[in-house]
Amino acid sequence: DQDIVFCEDYPWLSAMKEITLSSIKFFTLVVSLVHFFVTRVADLRAIIVTWLSGQHSCQDGKKLSTAGNKLMARTLSKTPEVSSEGQVRPAIFKPHAATTQNEETSARVLTQRLTSAKSLESALMELERALASGTTFNHFHATAMLCLLAHRSHEMPMRANALCGYDVAANAICKLYEKEDLNEGTLCCAFWAISTLYHKVPELHGVLPLINRSLAPRVDDLNSRHVQSCMWAIATLRKEQPTLRQLLPSLLRRLEIVASSMDSRDLSYCMWSMGVLKLDEMQSRGAAEALQDASCRMLSVFGTRELAQLSWLMASFGTPHTMALLRIPTLVCQKIAKATDRMATLDLTQIALAYAVLEFWNHAMMQAIAERIKKINNNLTDWGVCALADAFGTFYPSTSSGFTGTWGVTGGENETSTRGIIYGNLLELNTRDQAELVFIGDRCCEVSKRKGKSITGTLNEMALSITWSNGEVWTRSRPAFANFQNFLSWELRRRGLTSKVKWARRGPERYLDDVNA
């Protein structure tokens, strides 16, 4: 009653109420009509399409069957496919879509089984069964199979064809790489894997020329890992496949660009490759400098292997990076305690010889290397013995002339205590302090000013003593590492390597090439 009275007092409110109710009814009617027409139009389109195609009609040929209605409604209700140009493509019913989907599913399953295989035999058997059942062999399968073979080469006999199912896999891989449209990752992976397995997989050797041909026009598209894989493969097969060197000029140019984005592993392998290959200095200098610059930014994360490769690269090209030369000895001393015997045998010997080639002496580093090598002397390689003999003979010669050598002071009972070691223009005292020498003629030198004073030393005629202006007299002593050098000399004689020490500076790989030639 109160509402009626309220509306009578305000007639305009009653009018608004009527208008609102009418609007709601009208909107509901419009929605219903739209829905009705949309439904009828869809049915009409289905009937027209079916009539034009002559399919899904009833037996009397006049009315569309219920099954036809449902099938056509599903076909027409799919979202239209849009092309890359933004145009809507006509919907086409594909009767073989299910078959294609099954093939894709089986291909994915095969890839997963290959990558998760626990042994080579199981992977090869899985691949053979899949190919026999009609699964299409694609580049994912090739990459997975080659990587598995390379990473598990230690499980492989002398020849891979002794493995059951290998012949089927090799045949599928060879046929796949005959295609011209494989991507760079697939090509570089095969390049690396076949190089790793070269002597065990002669059936795959024919793939290498195909890879060479396919990669040649695409080098400018390779990323840092691809470049590293190619450089390593070419260096590994430097004797077996010399024609692969045709890729080197373009690879070196690409290396200059991508070196800054390489991680420590990629840098190490590229530096090793450049150290092994006999490259033209003018052609490869830019790549060598790019590798040095990139390595200097990552020195703190380098292990002994990376430090050895960087040192040898600088020695090979004779263009050392000053900061790297100064920092590497400190890093070696820090990491040497954790170095395994294998690291010490391969890496420390190479670092020592690299610094000898560069004539950059660091007594603390050489002392640390000698102490570590003494613990594994029976496991040294022939090249390692030659390299150490060369390095320590360079810095600590047994018969010295001039100021170079180990000097001591004679005390009571004619005992001589080491006072300092001189190499080149550098003096290192037994207190580990260093000083630079300025030579005045052949028999006189001056120590750089210290605390405002300058000390002059004079070498006697026999080059056996130095008399300093402060009254101290130094006499020539045994080399600082005389016992260690005697051991190296004995090893050289025992192994018949005395005449081969001169070959050590060619590097461990090229040394073996020369010895085996």
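Side chains included, hydrogens not; waters and symmetry mates left out as well; all remaining heavy atoms used. This chain uses plain numbering: 1 for the first residue, then up along the sequence.
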* Structure fact -> For Ala259 and Ala294 the tightest heavy-atom approach is O-CB, 3.5 Å
* Take atom CE in Met125; do more than 12 heavy atoms of anything else shown fall under 6.0 Å from it? -> no
* Side-chain donor-acceptor pair under 3.5 Å between Gln246 and Arg213, yes or no? -> no
* Asked: Thinking salt bridges, do Lys500 and Asp382 make one under a 4.0 Å N-O criterion?
  -> no
* Using a 4.5 Å cut-off on heavy atoms from C-beta on, say whether the side chain of Cys164 contacts that of Glu121. => no
* **Close side-chain approach of Gln350 and Pro508, heavy atoms under 4.5 Å** => yes
* Basic-acidic side-chain contact under 4.0 Å: Arg494, Glu491 -> yes
* Asked: Hey, are Tyr396 and Trp361 close enough side-chain-wise for a donor-acceptor pair under 3.5 Å?
  -> yes
* Asked: Any side-chain donor paired with an acceptor under 3.5 Å for Gln241 and Tyr198?
  -> yes
* Structure fact -> Rounding to 0.5 Å, atoms CG (Leu197) and NE2 (His151) come to a distance of 10.0 Å
* According to the ring pair (Phe, Tyr, Trp, His ring centres under 6.0 Å) rule, which pairs have a member within residues 290-314, sequence neighbours left out? -> none
* Can you say whether the rings of Phe439 and Phe403 are parallel (under 30°), tilted (30 to 60°) or perpendicular (over 60°)? -> tilted
* **Phe360 CZ: over 12 foreign heavy atoms closer than 6.0 Å** => yes
* Asked: Under 4.5 Å between any side-chain heavy atoms of Cys189 and Cys147, yes or no?
  -> yes
* Structure fact -> Nearest heavy-atom contact between Ala144 and Leu114 is CB-CB, 4.1 Å
* Could you tell me if the ring centre of His226 sits under 6.0 Å from that of Trp232? => no
* Establish, from distance only, whether the side-chain atoms of Asn183 and Thr186 form a donor-acceptor pair under 3.5 Å. => yes
* Might you work through the side chain to side chain donor-acceptor pair (under 3.5 Å) test for Thr394 and Asp390, ending with a clear yes or no? => CA-CA 6 Å; Thr394 298; Asp390 188 329; 3.2 Å; yes
* Asked: Should Asp221 and Arg254 count as side-chain neighbours, where that means a heavy-atom distance under 4.5 Å?
  -> no
* Asked: So how far is it from Leu182 CG to His139 NE2, rounded to the nearest 0.5 Å?
  -> 8.0 Å
* Are any of the side-chain heavy atoms of Arg495 and Leu380 separated by less than 4.5 Å? -> yes
* To do: If the plane angle is over 60° it's perpendicular, under 30° parallel, otherwise tilted; pick one for Phe481 and His363.
  => tilted
* Asked: Crowded around Arg152 CZ? As in, over 12 foreign heavy atoms under 6.0 Å?
  -> yes
* Sequence neighbours excluded, which residues qualify as side-chain hydrogen bond (donor to acceptor under 3.5 Å, both in side chains) partners of Tyr166? -> Glu203
* Are any of the side-chain heavy atoms of Ser268 and Leu310 separated by less than 4.5 Å? -> no
* Of all the heavy-atom pairs spanning Cys188 and Ser229, show the shortest one and how long it is. => O-CB, 4.1 Å
* **Heavy-atom closest pair, residues Ala107 and Asn138** => CB-ND2, 4.0 Å
* To do: Drop me the distance from Ile194's CD1 to Leu204's CG, to the nearest 0.5 angstrom.
  => 5.0 Å
* Asked: Could you state the interatomic distance from CD1 (Ile376) to CZ (Arg342), rounded to the nearest 0.5 Å?
  -> 11.5 Å
* To do: State plainly whether the residues Glu371 and Lys374 are in salt-bridge range, i.e. N to O under 4.0 Å.
  => yes
* Smallest separation among heavy atoms of Leu255 and Ala287, with atom names -> CD2-CB, 3.9 Å
* To do: Check whether any side-chain heavy atom of Cys230 sits under 4.5 Å from a side-chain heavy atom of Leu247, and report yes or no.
  => no
* Asked: Just wondering, more than 12 heavy atoms not from Arg159 lying within 6.0 Å of its CZ?
  -> no
* Using a 4.5 Å cut-off on heavy atoms from C-beta on, say whether the side chain of Thr115 contacts that of Phe140. => no
* **Separation of Leu187 CG from Ser214 OG (nearest 0.5 Å)** => 5.5 Å
* Say whether Thr345 and Asp341, considering side chains only, have a donor N or O and an acceptor N or O under 3.5 Å apart. => no
* Structure fact -> Closest non-hydrogen atoms of Pro320 and Leu325, given as atom of the first, atom of the second and distance, are CB-CD1, 3.4 Å
* So does Asp442 have more than 12 non-hydrogen atoms from other groups sitting under 6.0 Å from CG? -> no
* To do: Determine, step by step, whether Gln485 and Arg478 satisfy the side chain to side chain donor-acceptor pair (under 3.5 Å) criterion, reporting the C-alpha distance in whole Å, the side-chain angles of both residues, the deciding distance to 0.1 Å, and the verdict.
  => CA-CA 11 Å; Gln485 289 175 274; Arg478 294 182 66 202; over 6 Å; no
